[in-house]
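Take a look at the structure set out below.
Order of listing sets the numbers, starting from 1, for every ligand and every atom in it.
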Amino acid sequence: MQQEKAVNADKGVSGNLSGGIFTGKKALILGVANERSLGWAIARKLHEGGARLAFNYLGDALERRVRPLAESVGAELIHPCDVSDDAQIDAIFEQVAQKWGGLDILVHSVAFANREDLEGRFLNTSRDGFRVAMDISAYSLVATARRAEPLMKNGGTILTLSYYGAEKVVPNYNVMGVAKAALEASVRYLAYDLGPSKIRVNAISAGPVKTLAAAGIRNFRTMLAAAEEKTPLRENISAEDVGEMGAFLCGPGGLHVTGSTLYLDSGAHIMAV
Ligand code: 0WE
């Protein structure tokens, strides 16, 4: 940690320099699973800008992954939270309230659908599979935003992650596409509700990245190859790109931007084929 500070100080990006654009800002990052997670890429950028960080994890297996990462950026809070459980959401926000007495930034990088619902026909999605995907991937933004509002006394910013399957059919994305459509609509309604509290709410619609969430997705490598060949910029996006845009949106670059879903996809969304 000391060493990291010294190294970063030389680069002028230390989380402890008073000149960072997030100096003293308190950020809660939900949904980091490992070092490839998009939430982690955003957290790193916030840390470079001087933000103070808190993280959740889901279960013992992910705690072993998340804790060392969180500690490497001097996280002040590392707490379990299954976003499908209101009591656990209450508990982590209670921890944030006790520890910090406020919050400036909420990063929601959470999604889940049952594995069997990410292949075959969307038509066959069960009632419970639909509920699980909507609950964890969309409602959790509403549930966490509601707890964040009273802590964001000086205004704040909420950021979530979406995908183009919300708008157009991406084979196999299925119920996640429906959940992301609900998530993007939720971003707009939350932005309206939270605007008077000076809280901005936005989403990044990111192109495919090889994260844990993409592991085992059929044809994922084909999708990456297609993006590399067919997008206007002819290249895939990286987790670091998501970190950069996330930090931009959460920082002064995002001032007066709310309710928006911004594409970070090498231009994929402008193409007809
Ligand atoms: O939003 C996502 C993936 C979210 C996701 C991934 C999994 C895999 C493991 C949600 N739930 C689960 N459940 C599991 O059991 N992406 C944008 C990545 C993704 O997933 C796809 C994609 C892309 C792109 C699934 C099918 C087709 C394309």
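- Side-chain contact between Ile158 and Met152 is present, with heavy atoms from C-beta onward closer than 4.5 Å.
- The protein non-hydrogen atom at the shortest distance from atom 6 (C) of ligand 1 is Ala213 O, 2.9 Å.
- For the pair Ile42 and Ser109, the minimum side-chain heavy-atom distance is 4.5 Å or more.
- Distance alone, capped at 3.5 Å, places no donor-acceptor pair between the Arg65 side chain and the Ala61 backbone.
- The side-chain heavy atoms of Arg36 and Leu212, taken from C-beta on, include no pair separated by under 4.5 Å.
- Between the side chain of Arg200 and the backbone N or O of Leu249, at least one donor-acceptor pair lies under 3.5 Å.
- Side-chain heavy atoms closer than 4.5 Å link hydrophobic residues (I, L, V, M, F, W, Y) into clusters, and following such links, even through other members, never connects Ile237 to Tyr164.
- In terms of protein heavy-atom proximity, atom 25 (C) of ligand 1 is closest to Ile217 CG2, 3.4 Å.
- Only side-chain heavy atoms of Met223 come within less than 4.0 Å of ligand 1; its backbone N, CA, C and O stay farther off.
- The shortest contact between atom 9 (C) of ligand 1 and any protein heavy atom is with Arg115 CD, 4.0 Å.
- For atom 21 (C) of ligand 1, the closest non-hydrogen atom on the protein side is Tyr173 CD1, 3.4 Å.
- Of all atoms in ligand 1, listed by their number and element, those nearer than 4.0 Å to a heavy atom of Phe220 are 23 (C), 24 (C).
- Geometrically, ligand 1 and Asn114 share no nitrogen or oxygen pair separated by less than 3.5 Å.
- Heavy-atom separations between Ala113 and ligand 1 include at least one value shorter than 4.0 Å.
- Residue Pro171 has at least one heavy-atom neighbour below 4.0 Å for each of these atoms of ligand 1: 27 (C).
- Only the side chain of Tyr163 comes within 4.0 Å of ligand 1, counting heavy atoms alone; its backbone N, CA, C and O stay farther away.
- Using a 4.0 Å cut-off between heavy atoms, Ala215 makes no contact with ligand 1 at all.
- Between the Ser137 side chain and the Met134 main chain, no donor and acceptor come within less than 3.5 Å of each other.
- The closest side-chain heavy-atom distance from Met271 to Lys230 is not below 4.5 Å.
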